[in-house]
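Keep in mind that the numbers below use all heavy atoms, side chains included, and drop hydrogens, waters and symmetry copies. Everything numeric here is computed off the predicted structure, so don't read it as measured data. When a ligand or atom number is given, it counts from 1 through the structure's own listing order.
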Amino acid sequence: MSISFTPWPADLATRYRKKGYWQDKPLTAISERHRQSDHPAIIDQVQTLSYRQLATYSDQLAAQLQARGLTTGDTALVQLSNCCEFYIVFFALLKLGIAPVNALFSHQQSELTAYATQIRPRLLIADREHPVFTDNRFLEQLHAQCPELEQTLWHHPFADDSGLHALFTQHDETFTPTPSSPDNVAFFQLSGGSTGTPKLIPRTHNDYYYSIVASVEICQFTAQTRYLCALPIAHNYPMSSPGILGVLYAGGVSVLAADPSPTTCFTLIADHQINVTALVPPAVSLWLQSIREWDCAEQLSSLRLLQVGGAKLSESLAARIPAEIGCQLQQVFGMAEGLVNYTRLDDDLQTILTTQGRPISPDDEVWVADTQGNPLPPNTTGRLMTRGPYTFRGYYNSPEHNATCFDQQGFYCSGDLISISEQGYITVQGREKDQINRGGEKIAAEEVENLLQRHPDIIHAALVSMNDELLGEKSCAYIVAKQPLKAVQLRRHLREQGIAEFKLPDRFVFTEMLPLTPVGKVDKKQLRQQLIDDNKNKA
Ligand code: AMP
Ligand code: DBH
């Protein structure tokens, strides 16, 4: 059985194969390339995993899951923190042809339920110490909503006798992998989204493999690469741009940090002689501030390349990276849906400081559309439209939404406003989608508004972005209520619904009514302007 998804049209598929982008290899080929090597592959807070162990443990876990009746075409919901087990599990599932959704560790009941009800997993692999799983209440709810969910495997950080650990260390030399076909779904990536329910992105072996291998080449990852993963391990950026999968492909080593704070990362960089890492802009600000305060640039002297992406990097912050950290900057503008752009290592400084790079592939078709869908000339701001050898063709099971974000020719409209220079370099100018980008963490306005509107005293809620010096954007909820409410009550209400902490509005504004556009939609532009004016008046 295979998982349904929207395939590329035959003519494009043929072209991508002919050009060698699609190699018809499963993603699990990445864990097998160096399987005879005892070199460290991944290092976390408790263990060092060699290439040989990664390959063996994922085989052994797959064998145990197979013995429990799990098979090709099944799906799994996985939620793990930044730990080696993430990749043991990832490769084990893919070796069996089981497609996982890797939830972020910050996700709570609401997000996990949304993913589970979409993929109907037979297997859950999660952390016993995650707040959602400390008692069995949520698990019971999940079983009630997804009767297909038969098996749960627990990861206990810092404990060796965990369910998961016992399975992957069970000796077995008989396992034969049965991955899904390379042009089929390998796993589901998460969309930052703009809709009420978080959408899932089917990623095929072929498309993802290509994006990783091409990224390795562009970023010049080699067996000498020592990569620090300070972002959430399940995110597309540290997975594949080139991320840990890129490092594994190249034969280098990845060190996992629990968080991107200077206190955590600087010691790891010095101890492990890290030469490349990936950050979001607010983390860069904190790093630069700490370097100044502690006068400790020396601690980071092994660092050669700092990738920054996930949200717009200002030119002034960009310029401080080579000047104050003494390493090269690479801007990364990517999306879990596919398209990834990089500034190149040999680009001139001005290009690196002021653009978000250019696409990975010569066959990434990227153009700028006006509101009518007509192409715009270079250096003009409009909608980003794209298709290509690793850009998806449709969200999972979402025909209505897909009809709104793809055009007739299969170009995906990402909701970003960009301009493209004559040289093909992209600058992100803004956003059209109803989303808040809180320092790289994406919040779909509608998702939070729906949860707010479940409160019995709320008549109307609208979530908009407001400028923030550190995070770039924060979220502000405008509320029309039946009776006076307090921000603390509403935060409690949202926490009770179980949403990721970063989605809680940073500010609440109570108002009599919301401004409407001529067609009767909430006028968010006006709300955002109101917040800017408020701020000016205060200053
Ligand atoms: P997601 O859908 O969660 O994968 O988020 C992808 C979105 O993040 C893009 O569509 C952009 O809106 C935003 N993004 C990613 N990288 C950058 C960047 N370097 N500059 C500006 N926005 C970015
Ligand atoms: O923000 C993103 O989703 C992102 C940023 C940089 C991404 O998916 C990527 C690189 O691959």
Side-chain angles (χ1 to χ4, degrees), residues 102-104 106-107 111 188-195 198-201 203 207-208 210-212 214-216 218-219 229-246 277-284 306-315 317-318 329-343 352-360 364 366 381 383-386 390-392 395 401 405 412-419 425-444 447 465 471-473 500 502-503:
N102 299 311
L104 300 180
S106 56
H107 285 150
E111 291 91 357
F188 296 94
Q189 195 48 273
L190 311 174
S191 160
S194 55
T195 53
K199 294 272 181 282
L200 292 169
I201 303 157
R203 298 295 305 249
D207 88 69
Y208 213 62
Y210 171 53
S211 79
I212 294 160
S215 293
V216 165
I218 290 167
C219 304
C229 172
L231 297 171
I233 195 160
H235 197 280
N236 194 55
Y237 175 20
M239 266 187 95
S240 66
S241 295
I244 296 179
L245 289 171
T277 189
L279 293 178
V280 289
V284 175
L306 178 59
Q307 300 184 288
V308 185
K312 178 87 185 237
L313 177 67
S314 71
E315 190 182 338
L317 193 56
L329 162 67
Q330 178 178 51
Q331 296 217 35
V332 192
F333 165 40
M335 53 197 76
E337 285 81 358
L339 181 70
V340 178
N341 305 277
Y342 296 104
T343 55
I352 292 175
L353 296 182
T354 59
T355 81
Q356 278 65 60
R358 63 181 164 88
I360 288 181
D364 277 319
V366 187
T381 298
R383 293 177 174 160
L384 186 162
M385 306 295 295
T386 187
Y390 60 96
T391 294
F392 82 140
Y395 291 103
H401 185 57
C405 55
Y412 167 61
C413 178
S414 73
D416 294 301
L417 297 173
I418 61 160
S419 59
Y425 279 76
I426 294 178
T427 304
V428 179
Q429 305 286 2
R431 189 181 339 107
E432 222 176 19
K433 55 189 162 189
D434 200 4
Q435 183 186 75
I436 292 100
N437 188 336
R438 193 177 185 276
E441 295 189 296
K442 319 301 185 317
I443 305 166
E447 185 186 344
S465 64
L471 293 176
E473 296 173 26
F502 70 82
K503 295 181 188 169

For ligand 2, which atoms sit closer than 4.0 Å to a heavy atom of A336? 3 (O), 8 (O)
With no hydrogens and no angle check, is any side-chain donor or acceptor of K442 less than 3.5 Å from a backbone partner on S191? no
Who passes side-chain hydrogen bond (donor to acceptor under 3.5 Å, both in side chains) against E432, sequence neighbours left out? R383
For side chain to side chain contact (heavy atoms under 4.5 Å, CB included), just list the numbers for Q307 and Y237, CA-CA rounded to whole Å, side-chain angles, deciding distance to a tenth of an Å, and then say yes or no. CA-CA 10 Å; Q307 300 184 288; Y237 175 20; 3.7 Å; yes
Option from N236, T386, I201 for which side-chain contact (heavy atoms from CB on, under 4.5 Å) with E337 holds: I201
T354 vs T427 side-chain heavy atoms within contact, under 4.5 Å: no
Options G334, A278, P242, S241, ranked by nearest heavy atom to atom 11 (O) of ligand 2, top entry: S241
Geometric N/O contact S240 with ligand 2, under 3.5 angstrom: no
Passes side chain to side chain contact (heavy atoms under 4.5 Å, CB included), I360 versus S215? Steps please. CA-CA 7 Å; I360 288 181; S215 293; 3.4 Å; yes
Near ligand 1, which residues have a heavy atom under 4.0 Å away from one of its atoms? G192, G309, G310, A311, K312, V332, F333, G334, M335, A336, E337, Q356, D416, V428, K433, N437, K442
If we only count heavy atoms from C-beta on, is the P281 to V308 side-chain gap below 4.5 Å? yes
In terms of atom number and element, which parts of ligand 2 are under 4.0 angstrom from non-hydrogen atoms of H235? 1 (O), 2 (C), 3 (O), 4 (C)
List every atom of ligand 2 that sits less than 4.0 Å from any heavy atom of V332, numbering the atoms from 1 in the order shown and giving each element. 6 (C), 10 (C)
Just need the protein heavy atom nearest to atom 1 (O) of ligand 2, so name the residue and atom and give the distance. K442 NZ, 2.8 Å
Nearest neighbour in protein (non-hydrogen) for atom 8 (O) of ligand 2: N236 ND2, 3.1 Å
Output, in order, the C-alpha distance, side-chain angles, deciding distance and verdict of side chain to side chain donor-acceptor pair (under 3.5 Å) for D364 and Y390. CA-CA 8 Å; D364 277 319; Y390 60 96; 2.7 Å; yes
Rounded to the nearest 0.5 Å, how far apart are CD1 of I418 and OG1 of T355? 11.5 Å
Find all atoms of ligand 2 within a distance of less than 4.0 Å from any non-hydrogen atom belonging to V340, and give their numbers and elements. 11 (O)
Residue, atom and distance of the protein heavy atom nearest atom 6 (C) of ligand 2 read Y237 CG, 3.5 Å
Option from K312, R438, R431 for which salt bridge (charged side-chain N to carboxylate O under 4.0 Å, His left out) with E473 holds: R431
